[in-house]
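Every number for a ligand or one of its atoms is a count from 1 in the order of the listing. Along the sequence shown, residues are numbered consecutively beginning with 1. This one's a predicted model, so the numbers in the text were calculated from it and none came from an experiment.
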Amino acid sequence: MEYFGFEDMDLQQGLLRAISEKGYAEPTPIQELAIPAALAGHDVMGQAQTGTGKTASFGIPILNRIVPGKGLQGLILCPTRELAVQVSEEINSLGIYLSIYTLAVYGGQAITIQFKGLEKNPEIIVATPGRIMDHMNRRSIDLQTLEFIVLDEADEMLDMGFLPDIEKILRNCPKKRQTSLFSATLSERIRNLGKKFMNNPQVFSVSSGECTIAEIQYCFYEVNSQRKLETLCKIIDVKAPASCLIFCRTKRSVGKLAGMLKRYGYSAGALHGDMSQSERDHVMRKFRSNKLSILVATDLAARGLDIDVVSHVINFDLPEAPDIFIHRTGRTGRAGRSGEAITLVDE
Ligand code: AMP
């Protein structure tokens, strides 16, 4: 394929400057495919997981065409609040020289704060589906001016039961628009969603071999379920991970394991859906700033999290399906760094 650099993509100077200041020297494979297609006006369906640079691959073409000061033009739907915050931060940082304001709107945050943000007339909103529905019902967000819509981590949103909300939101958006969809898997359900709400999308797929997930070393340990905790501690002691994400299946087991690790003197914290938003933000901040080296989480709470330097992912409980395994282990080895994914397998 012909090589495209960012400078060959007909982007505004301010956008090129932000891209270069963020240190993105070359487009990632999904960016190389999806950005030119979206700039040319096509709907885009991309199979790409977190870590491939997918956020910029839908963010850059939208930012390039949005008119500052013209009100809401772009809506990005994400499965979780953490991802909504992360995506809005990435887009704000890419749009820094364009006078484009991106607001994150998600459940769990006081709606009054969101009203204040909406008063600033964001050109782009990044939101979880439930909260957008809430604003639609209150008439505090008008979707009629939208030109660009993105469904980010569409498979996750469907898994979480957001399909009815998504359909309702899309039915309330103008017909004349550009719709993009990104998903780690392009299952039958995802393709059906695309058929229903997208206009002849160009479909791109990057296999994990082409991802920026350069180097994940996978290994598993067979353990006796009684000695799982002991084995985990041994692994942590031997590997001495700088930054380690441990997955358990339930909120209860996350709380329990994080508590045990703390009692044994490890620098560990928990992340699960029963915690308040401020508790979750607090633990995430500590983990990101390396004040906490171990984060024990449920799949849901850790969805799509972009934590730059996770050196180790440990599956304390086995994931329930292969795609969950991919999502979990994709939290390490990001943006070209190496990582280790360790799975404990009991009887
Ligand atoms: P994402 O898949 O959107 O979660 O992005 C994964 C990480 O890659 C993020 O930390 C991005 O800031 C980073 N990233 C995105 N595009 C590029 C690029 N072209 N070059 C280097 N890093 C990138």
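The environment of CZ in F220 is sparse: at most 12 heavy-atom neighbours from other residues, nucleotides or ligands sit within 6.0 Å. The number of heavy atoms from other shown groups lying within 6.0 Å of NZ (K291) does not exceed 12.
Those atoms of ligand 1 with a heavy atom of T28 less than 4.0 angstrom away are 17 (C), 18 (C), 19 (N). Numbered from 1 in the order shown, with element, the atoms of ligand 1 that lie under 4.0 Å from a heavy atom of F6 read 19 (N). Every atom of ligand 1 is numbered from 1 in the order shown, and the set under 4.0 Å from a heavy atom of T50 is 2 (O), 4 (O). Less than 4.0 angstrom separates some heavy atom of T55 from each of these atoms of ligand 1: 1 (P), 3 (O), 4 (O). For ligand 1, the atoms sitting less than 4.0 Å from at least one non-hydrogen atom of E26 are 18 (C), 19 (N), 20 (N), numbered in the order shown with element in parentheses.
For the residue pair R131 and Q109, no side-chain donor N or O sits within less than 3.5 Å of a side-chain acceptor on the partner.
Looking at K22 against ligand 1, nothing comes within 4.0 Å, counting heavy atoms. Contacts with ligand 1 closer than 4.0 Å are made by no heavy atom of F58, backbone or side chain.
Under the side-chain contact (heavy atoms from CB on, under 4.5 Å) rule, L77 has a single partner from V150, D152, I169, which is I169.
Geometrically, ligand 1 and G23 share no nitrogen or oxygen pair separated by less than 3.5 Å. Residue Y24 has at least one nitrogen or oxygen atom sitting less than 3.5 Å from a nitrogen or oxygen atom of ligand 1, judged on distance alone.
Hydrophobic cluster membership is shared by L232 and M260, with clusters built from Ile, Leu, Val, Met, Phe, Trp and Tyr side chains linked at under 4.5 angstrom. Clustering ILVMFWY residues whenever any of their side-chain heavy atoms sit less than 4.5 angstrom apart, transitively, puts V345 in a cluster other than the one holding I236.
Relative ring orientation between F58 and F182 is described as tilted, the plane-to-plane angle lying within the 30° to 60° band.
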